[in-house]
Amino acid sequence: MKVLVTGGLGYIGSHICVKMLQKGIQPIILDNLSNANPEVLNRIAKITGIKPILYKGDVRDKMILLTIFSEHKISSVIHLAGFKAVGKSVKQPIEYYDNNVNSAIMLIHSMQKMGIKSLIFSSSSAVYGVPKQVPLTEASNIGLTTNPYGTSKYIVERILTDLYIAHDEWSITLLRYFNVIGAHQSSLIGEDSQGIPNNLIPYITQVAVGRYKEVMVFGKDYPTPDGTGIRDYIHVMDLASGHIAVLENVSQKSGQYIYNLGTGKGISVLEMIAAFEKASGKHIQYKIVNSRSGDIAECWSSPTKAYAELGWKAQYSVQDMVNHSWQWQSQNPNGYQSL
């Protein structure tokens, strides 16, 4: 089976590609390298013994999509490529809508032209907006998003839903990721944030290796036990396994499928810092600052549907996640620029 993976050299994409290769599935990667490093290709090869095929280009480029579909018999597409920083999306909404929504539309057009009707979309828990209650299930209300990033994911979900209503021979899977952290156990690939990290764990790890003085904790006045935001953190390799479960179980069956990929447990920012201190043996300095526009107090999942229908559930503990994040960052203090 050949699968096109857009954004396949990114943090999440690289781990999915490793898992695919280990399962005998061939990823064909399309990545414009705007938030990825070409060294990742060599690291994937070192882990798996196979160097995937890479096309350098943008998903909004119709010609490169048609070239890929013409040169390879693609069974399914995993669409990961997109901007993902909540705070940045508030400041640059048009760029986020252009990149995230237009890329999906161009991809769908090209798939239709070439007769490819299986798509797995990298969505987000951000589509739920401010939860009325937790845990969140796939039946929870969506659309009342709090930032352009989440809205862009919701718009693409809506587009794909309408596509399936019009063409029910498609297989469309919407995977709503919760907070993805961790790294491959080899420490050869992991999250390599450029500039000041937008997400908590790379911020903590970069403070631990001395790249930054302290972690900025955005808000301590939320209605949570310690006042900091609570999130559902999932190991990136568990997330990768979720994609394999979709490929093996429903990607070749017509229908629309929606799954939360999370652990079902909420962890606060301060609890995560404490877990990382245990993993690294280092004191992590942090500073409380104002909450960010678009952030919410708490968000965690009910992953029971994915287990019932796909046989998938998260295997790694929070301590496993931070241990692997620390191993990656400590062995690659400057990310892929370390070597």
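Heavy atoms only: backbone and side chains are in, while hydrogens, waters and symmetry mates are out.
Closest approach of Pro333 and Val209 over heavy atoms only: O-CG2, 4.1 Å. Across all their heavy atoms, Ser103 and Ala81 have their closest contact at OG-O, 4.4 Å. The shortest non-hydrogen separation linking Gly190 to Ala183 is CA-CB, 3.9 Å. Annotation for Leu160 and Ile172: closest pair O-CD1, 3.4 Å, computed over non-hydrogen atoms. Nearest heavy-atom pair across Arg43 and Leu188 is NH1-O, 2.6 Å. Nearest heavy-atom pair across Val90 and Ser293 is CG2-O, 3.8 Å.
The CG atom of Asn147 lies 8.0 Å from the OG atom of Ser124; values are rounded to the nearest 0.5 Å. To the nearest 0.5 Å, atom CE of residue Met114 and atom NZ of residue Lys73 are 10.5 Å apart. Separation of atoms CG (Asn102) and CG (Leu107) is listed at 12.5 Å; rounding is to 0.5 Å. In this structure, Asn332 CG and Gln327 CD are separated by 11.5 Å, a value rounded to the nearest 0.5 Å. Expressed to the nearest 0.5 Å, how far CD1 of Ile25 lies from CD of Glu248 amounts to 5.5 Å. Considering OG1 of Thr228 and CD1 of Ile273, their distance stands at 8.0 Å, rounded to 0.5 Å.
Just one of Ser118, Ser171, Ser251 meets the side chain to side chain donor-acceptor pair (under 3.5 Å) condition when paired with Ser76; it is Ser118. Just one residue in the list Tyr286, Tyr203, Tyr233, Trp326 forms a ring-ring contact (aromatic ring centres under 6.0 Å, His included) with Phe276, and that residue is Trp326.
A donor-acceptor pair under 3.5 Å is absent between the side-chain atoms of Ser268 and the main chain of Gly229, judged by distance alone. Of the possible polar contacts, none joining the His184 side chain to the His15 backbone as a donor-acceptor pair under 3.5 Å is found. Gln285 places no side-chain N or O within donor-acceptor distance of the main-chain N or O of Lys213, the cut-off being under 3.5 Å. Between the Ser325 side chain and the Val322 main chain, no donor and acceptor come within less than 3.5 Å of each other. The closest donor-acceptor contact from the side chain of Arg231 to the backbone of Ala297 lies under 3.5 Å. A distance-only check finds no donor-acceptor pair linking the side chain of Tyr11 to the backbone of Ile189 [under 3.5 Å]. Under a 3.5 Å cut-off, the side chain of Asn323 and the backbone N or O of Ala279 do not form any donor-acceptor pair. Looking only at distances, no side-chain donor or acceptor of Asn99 sits under 3.5 Å from a matching main-chain atom of Glu95.
Side-chain contact between Thr146 and Val130 is present, with heavy atoms from C-beta onward closer than 4.5 Å. Between Lys153 and Tyr177, every side-chain heavy-atom pair lies at or beyond the 4.5 Å cut-off. At least one side-chain heavy atom of Gln26 sits under 4.5 Å from a side-chain heavy atom of Ile53. Side-chain contact between Phe69 and Val77 is present, with at least one heavy-atom pair separated by less than 4.5 Å. Proximity of Asp58 to Met106: side-chain heavy atoms (C-beta onward) are nowhere separated by under 4.5 Å. Contact check for Leu4 versus His72: no side-chain heavy atoms found under the 4.5 Å cut-off. Residues His243 and Ile120 form a side-chain contact, since some pair of their non-hydrogen atoms from C-beta on lies under 4.5 Å apart. Side-chain contact between Lys265 and Val318 is absent, with no heavy atoms from C-beta onward closer than 4.5 Å.
Judged purely by distance below 3.5 Å, without hydrogens or angles, the side chains of Ser317 and Asp320 pair a donor atom with an acceptor atom. Using modelled atom types and a 3.5 Å distance limit, the side chains of Ser152 and Asn100 yield a donor-acceptor pair. No hydrogens or angles considered: a donor-acceptor pair under 3.5 Å links the side chains of His283 and Glu277. Checked by atom type, the side-chain pair Thr161/Gln256 shows a donor-acceptor distance below 3.5 Å. If you check the side chains of Asn260 and Tyr128, you find a donor sitting under 3.5 Å from an acceptor.
Hydrophobic clustering keeps Leu9 apart from Ile78 (ILVMFWY residues linked when any side-chain heavy atoms are closer than 4.5 Å, directly or through intermediates). One hydrophobic cluster holds both Ile201 and Val215 under the rule that ILVMFWY side chains link at heavy-atom gaps under 4.5 Å. The hydrophobic clustering, which links ILVMFWY residues whose side-chain heavy atoms are closer than 4.5 Å, places Leu30 and Met20 apart. No continuous path of ILVMFWY side-chain contacts below 4.5 Å connects Leu21 to Val5, so the two sit in separate hydrophobic clusters. Linking Ile, Leu, Val, Met, Phe, Trp and Tyr residues whenever their side-chain heavy atoms come within less than 4.5 Å places Leu119 and Leu174 in a single cluster.
In Glu169, the CD atom is crowded: over 12 heavy atoms of neighbouring residues, nucleotides or ligands sit closer than 6.0 Å. Atom CG of Asp162 has more than 12 neighbouring heavy atoms from other residues, nucleotides or ligands inside a 6.0 Å radius. Other residues, nucleotides and ligands contribute only 12 or fewer heavy atoms inside 6.0 Å of the CD1 atom of Ile196. Surrounding CG of Leu66 are more than 12 heavy atoms belonging to other residues, nucleotides or ligands, all under 6.0 Å away. A 6.0 Å sphere centred on NZ of Lys56 holds no more than 12 heavy atoms belonging to other residues, nucleotides or ligands.
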Can you check side chain to side chain contact (heavy atoms under 4.5 Å, CB included) on Ile44 and Ser14, steps first, answer last?
CA-CA 7 Å; Ile44 292 173; Ser14 59; 4.2 Å; yes
I'd like to know whether Leu65 forms a side chain to side chain contact (heavy atoms under 4.5 Å, CB included) with His109, so could you lay out the CA-CA distance, the side-chain angles of the two residues, the decisive distance to 0.1 Å, and finally the verdict.
CA-CA 10 Å; Leu65 287 171; His109 274 311; over 6 Å; no
Begin with the C-alpha distance, continue with both residues' side-chain angles, and end with the deciding distance and a verdict on side chain to side chain contact (heavy atoms under 4.5 Å, CB included) for Leu163 and Met111.
CA-CA 12 Å; Leu163 172 66; Met111 291 175 69; over 6 Å; no
Candidate pair Glu157 and Arg176, rule salt bridge (charged side-chain N to carboxylate O under 4.0 Å, His left out), full reasoning:
CA-CA 10 Å; Glu157 282 204 12; Arg176 294 173 181 162; 2.8 Å; yes
Is there a side chain to side chain contact (heavy atoms under 4.5 Å, CB included) between Ile29 and Cys17 once you walk through the steps?
CA-CA 9 Å; Ile29 298 171; Cys17 287; 3.8 Å; yes
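You'll find the ring centres of Phe178 and Trp300 outside the 6.0 Å limit. Annotation: Tyr336 is in aromatic contact with Trp328 [ring centroid separation under 6.0 Å].
Residue pairs meeting the side-chain hydrogen bond (donor to acceptor under 3.5 Å, both in side chains) criterion with at least one member in residues 305-315, sequence neighbours excluded: Tyr259-Glu309.
Below 30°, between 30° and 60°, or above 60°: for Tyr96 and Phe83 the angle between ring planes is between 30° and 60°, a tilted geometry.
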